[in-house]
2 protein chains.
Amino acid sequence: MVSVMDDDVPPVPAGTSRRPAVRRPRKGTAERRAEILRAAAHTFGSKGYKTGSLADVAEQVGITHAGVLHHFGTKEQLLIEVLEYRDLEDVRDLEGQHIPDGMELFTHLVRTARANVDRRGIVQGYTVLTAESVTEDHPARNWVTQRFAVLRGEIAHAIQEIGDHKVSDEQATRAASAIIGVMDGLQVQWLLDGTVDLAESTTFAIEAILSAVLNPAETTHLPE
Amino acid sequence: MVSVMDDDVPPVPAGTSRRPAVRRPRKGTAERRAEILRAAAHTFGSKGYKTGSLADVAEQVGITHAGVLHHFGTKEQLLIEVLEYRDLEDVRDLEGQHIPDGMELFTHLVRTARANVDRRGIVQGYTVLTAESVTEDHPARNWVTQRFAVLRGEIAHAIQEIGDHKVSDEQATRAASAIIGVMDGLQVQWLLDGTVDLAESTTFAIEAILSAVLNPAETTHLPE
DNA sequence: AATGGCTTACTGACAAGTCAGCAACATGTG
DNA sequence: CACATGTTGCTGACTTGTCAGTAAGCCATT
């Protein structure tokens, strides 16, 4: 009945200088994993998660699909790490800069829309995964839902701040949802049809929604 | 070497009075096909086109997947007919009523958003297929692109009409894109998170965009 | 020498599409 | 009206292909 694993379970010796039995990744492994994550982001972004295959991802980094599984275990885990990696990248992009708030947040959003025109791949990846996540039992669903909730909160907060806290929570949240919605919706149209002017339409819509939430009196209402 | 078709390659045997060689669909077949189309719309709408299987569709109408292929030939053809069927339904819904124009179009859009709250399945089907179509070589891509183009045209036209034709084409089209975008984008958020108020947010956003395009002077602009 | 990073080889599941064949039916002919 | 003819609607079995995941072993790094 000798130990199944090597180092025995029993009384933890004070010293705890456990040498082996731990993972010691080789140098260069981290970068390789990152390579795979970037390849996977590209594949899932262009073909979708369900349709994109591990073989497709593997080919881009010159290994076999089994090699990919060696690093990530399952396809779903790979997706999850792709999403986490993307979050990390986003944070890194904002490094140093404080998280924008108030009016700055909206100029930041508009700048992002402008920059996105030259990042078609990234936009498509985001769009495809977001939309795919509404299908049944999709592994990215929680991530996407959470992301929307956080974004709505941040934007609603910025609106309250600009509006000197005279805007109701409901209105601020509605406006926030609308701003996110219009950004996403315009991206879809732009991806499908190059004649859609992503930057201008987005800017216009954000300004329109901001004006309406800050000056409801000036807004013409529809009947009913 | 004329007739490739038609029987009688050889000397026609005298007695044979072959008459019936015409296609005649059985009664009830049309309804059966419609049943399959509805089932397919449901499957493609909840799981997506690529992930939804013919077996899944077939099961809903109590036949095998080969039976479905008997009617539609290929899965892609089935999808195409689903989209056409949906168009037909939309037209039928507007039957009698003239196609709304001017301000009426917008009250119609708002009414639709309100009604959609009770048609989750339909909304999800539309959302999933639209988004999936941006992936590589998707068979629904043309249909979706075309649909957006037509919608943009109609909405832009209505804006021009309301604005007494003082709104530039570019502005009208931008506003039209934004309205479509916000409707679609809000649907995604609403599907993922029930706390999003689809009807109210949509109404608010459409009013905001309309106000901005009709009264640009009142709109506060962002720097840059 | 040991273990991390792979490969090759394989499995089981599931997918779309083909095909032969069968029962139910419609129709022109007698 | 009757019925032979041949099509329609469909099944079940099969082919072909793709995929995620597993197992075992080889090699180079540590």
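Letters go in sequence order (proteins before strands), and every chain restarts at 1. Computed from heavy atoms alone, side chains included, the values below leave out hydrogens, waters and symmetry copies.
Between the CZ atom of A:Phe72 and the P atom of D:dG21 there is a distance of 13 Å, rounded to whole Å. To the nearest angstrom, P of D:dG9 lies 14 Å from NZ of B:Lys27. Following rounding to the nearest Å, B:Lys47 (NZ) and C:dC14 (P) show an atom-to-atom distance of 12 Å. Going from atom CG of B:Leu78 over to atom P of C:dA16 covers 10 Å, rounded to whole Å. Rounded to whole Å, the distance from NZ on A:Lys50 to P on C:dA13 is 21 Å. Rounding to whole angstrom units, OH of residue A:Tyr49 and P of D:dC19 are separated by 14 Å. Between the CG atom of B:Leu79 and the P atom of C:dG17 there is a distance of 12 Å, rounded to whole Å. Rounding to whole angstrom units, CD of residue B:Glu31 and C1' of D:dT8 are separated by 18 Å.
If you check every strand for non-hydrogen atoms under 4.0 Å, A:Gly28 touches nothing. Contacts of A:Leu54 with the nucleic acid, taken as non-hydrogen atoms under 4.0 Å apart, involve only primed sugar atoms and P, OP1 or OP2.
Within the 3.5 Å criterion, the main-chain N or O of A:Val123 finds no donor-acceptor partner in the side chain of A:Gln187. The closest donor-acceptor contact from the side chain of A:Lys75 to the backbone of A:Gly52 lies under 3.5 Å. Remark: the backbone N or O of B:Thr203 is not paired with any side-chain donor or acceptor of A:Arg174 at under 3.5 angstrom. Side chain of A:Glu132 to main chain of A:Lys50: a donor-acceptor pair is present (N/O by atom type, distance under 3.5 Å, no hydrogens or angles).
Because its NZ or CZ atom is both nearer than 6.0 Å to the ring centre of A:Phe72 and within 45° of the ring axis, A:Arg33 counts as a cation-pi partner of that residue.
Between A:Arg38 and A:Glu31 there is a salt bridge, since a side-chain N of the basic residue sits under 4.0 Å from a carboxylate O of the acidic one.
Checked by atom type, the side-chain pair A:Asn116/A:Trp190 shows no donor-acceptor distance below 3.5 Å.
Of the candidate nucleotides C:dA15, D:dA20, C:dG17, C:dA15 has the atom lying nearest to any side-chain atom of B:Ser53.
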> Once each nucleotide of nucleotides 6-11 of chain C is scored for protein heavy atoms under 4.0 Å, what B/S/- sequence comes out, 5' to 3'?
Replying inline: BBB---

